[in-house]
Peer 1: 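Take a look at this one; I'll ask things after.
Numbers here simply count residues along the sequence, with the first being 1. Atoms considered below: every heavy atom in the structure, side chains included; atoms not considered: hydrogens, waters and symmetry mates.
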Amino acid sequence: MTTRTPAVPDDFPHFSAWYGRIPTFEHARARPKDFNCRDQVFHLRQLVDARYYLHWHYSDADSYNTSAYFQAAEDWLRCRRILKMDAEERPRALQDWFIDRYIGKDKEKRHAPVWEYREPPPGIGKFEQLD
C-alpha cells in the first residue's frame, strides 16, 4: 500500500490551510456552477438525525447542544448568501468566512491554527483565469 496519489494541490480548496495559510478559494471564481452548500446541509442533517450519529451524541456530549444547532444554521445561511454573490466576489467572502470560523477575531495572526513546518508545493494553475 502506498500514499502516492495523482492528486495535486489544486484538487483541494483548503490545501493551503494544511500549511497554516489562508486558502485563496479561487475555485469559487473559476467554477461558479460547482459551488454549493451541501456540506452545510449535511451538517444540519447530522445534528437532526441522531439515529446515525449516536456515537457523536454520547462521546462528545458537550458539543452536541443548542450552540451546535445555531452554528450549523448560521453556516448554512452564510453559505447561501455567498452562493447568491457574483463569482468574482465569492473568494473574498469565503476567505472572510474561513478567518471568522478558524482564526477568530485575531486578524493579526492571519494563519490557520496548525503548525507551519514547510512550504506547500506549488499548484498547477488549475483555477487560473485564462484571457
Side-chain angles (χ1 to χ4, degrees):
M1 185 156 202
T2 180
T3 58
R4 293 190 61 157
T5 176
V8 295
D10 293 342
D11 291 335
F12 304 97
H14 293 82
F15 187 80
S16 57
W18 299 342
Y19 290 88
R21 291 167 175 75
I22 297 172
T24 62
F25 295 103
E26 287 301 316
H27 67 282
R29 178 180 300 151
R31 296 184 177 175
K33 294 187 183 208
D34 290 345
F35 184 76
N36 57 55
C37 298
R38 289 186 198 131
D39 289 341
Q40 288 73 27
V41 172
F42 178 74
H43 190 67
L44 280 170
R45 288 183 62 202
Q46 232 179 348
L47 290 167
V48 173
D49 196 358
R51 292 175 298 169
Y52 301 109
Y53 303 99
L54 287 175
H55 176 68
W56 179 36
H57 179 75
Y58 292 110
S59 66
D60 194 11
D62 292 336
S63 70
Y64 193 81
N65 53 24
T66 55
S67 65
Y69 286 95
F70 284 119
Q71 185 62 48
E74 286 175 10
D75 286 346
W76 179 61
L77 292 172
R78 190 167 190 174
C79 182
R80 288 185 52 186
R81 280 196 308 269
I82 293 172
L83 184 63
K84 293 177 183 177
M85 291 180 175
D86 291 333
E88 297 297 319
E89 299 171 0
R90 283 185 194 160
R92 184 69 228 160
L94 287 168
Q95 283 180 333
D96 292 340
W97 188 10
F98 183 86
I99 290 169
D100 290 345
R101 181 162 186 157
Y102 296 109
I103 298 174
K105 304 283 185 223
D106 189 9
K107 303 255 188 217
E108 297 298 319
K109 235 173 22 171
R110 300 300 287 182
H111 61 81
V114 296
W115 61 92
E116 297 179 37
Y117 61 96
R118 63 179 183 183
E119 290 294 315
I124 62 170
K126 188 174 182 179
F127 301 115
E128 290 178 2
Q129 295 287 337
L130 301 175
D131 293 330

Peer 1: Do F98 and P23 have side-chain heavy atoms sitting under 4.5 Å apart?
Peer 2: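 Sidechains of P23 and F98: in contact.
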Peer 1: Distance from D100 atom CG to D75 atom CG, nearest 0.5 Å?
Peer 2: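 Answer for the CG-CG pair, D100 versus D75, is 10.5 Å.
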Peer 1: Just by modelled atom types, is the L83 backbone N or O under 3.5 Å from a matching donor or acceptor in the R90 side chain?
Peer 2: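 Checking the backbone N and O of L83 against the side chain of R90, a donor-acceptor pair under 3.5 Å is found.
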Peer 1: Which heavy atom in A68 sits nearest to a heavy atom in L47, and how many Å separate them?
Peer 2: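 Result for this residue pair: O-CD1, 3.4 Å.
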Peer 1: SG/C37 to CZ/F42 distance, rounded to the nearest 0.5 angstrom?
Peer 2: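 Here the interatomic distance stands at 15.5 Å.
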Peer 1: Check the side chains of Q40 and H43 for a donor-acceptor pair under 3.5 angstrom, ignoring hydrogens and angles.
Peer 2: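 There is no such pair between these side chains.
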Peer 1: Any chance you could measure M85, atom CE, to R80, atom CZ, to the nearest 0.5 Å?
Peer 2: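 Here the rounded value is 13.5 Å.
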Peer 1: Would you say the side-chain atoms of N36 pair up with the backbone N or O of R38, donor to acceptor, closer than 3.5 Å?
Peer 2: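 Flag set: sc N36 to bb R38 pair under 3.5 Å.
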Peer 1: How close do L44 and A72 get, heavy atom to heavy atom, and via which atoms?
Peer 2: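 Nearest pair, atom of L44 first, then A72: CD2-CB, 3.7 Å.
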Peer 1: To the nearest 0.5 Å, what is the distance between CG (D96) and CZ (R101)?
Peer 2: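 One gets 15.0 Å once the value is rounded to the nearest 0.5 Å.
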Peer 1: Would you verify whether the NZ or CZ of R78 falls within 45 degrees of the ring axis of W76 while also being under 6.0 Å from that six-membered ring's centre?
Peer 2: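 Here R78 fails the 6.0 Å and 45° test against W76.
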Peer 1: Looking only at heavy atoms, which two atoms of A28 and L94 are closest? And how far apart?
Peer 2: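 In this case the closest contact between A28 and L94 is CB-CD1, 3.6 Å.
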Peer 1: Not counting sequence neighbours, which residues clear side-chain hydrogen bond (donor to acceptor under 3.5 Å, both in side chains) with E89? List them please.
Peer 2: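 Per chain and number, E89 pairs via side-chain hydrogen bond (donor to acceptor under 3.5 Å, both in side chains) with no residue.
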Peer 1: CD1/I82 to CZ/F35 distance, rounded to the nearest 0.5 angstrom?
Peer 2: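 Going from the CD1 atom of I82 to the CZ atom of F35 covers 5.5 Å.
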Peer 1: Quick check: is F25 connected to W97 through a chain of hydrophobic side chains (ILVMFWY, heavy atoms under 4.5 Å apart)?
Peer 2: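 Yes, W97 and F25 fall within the same hydrophobic cluster.
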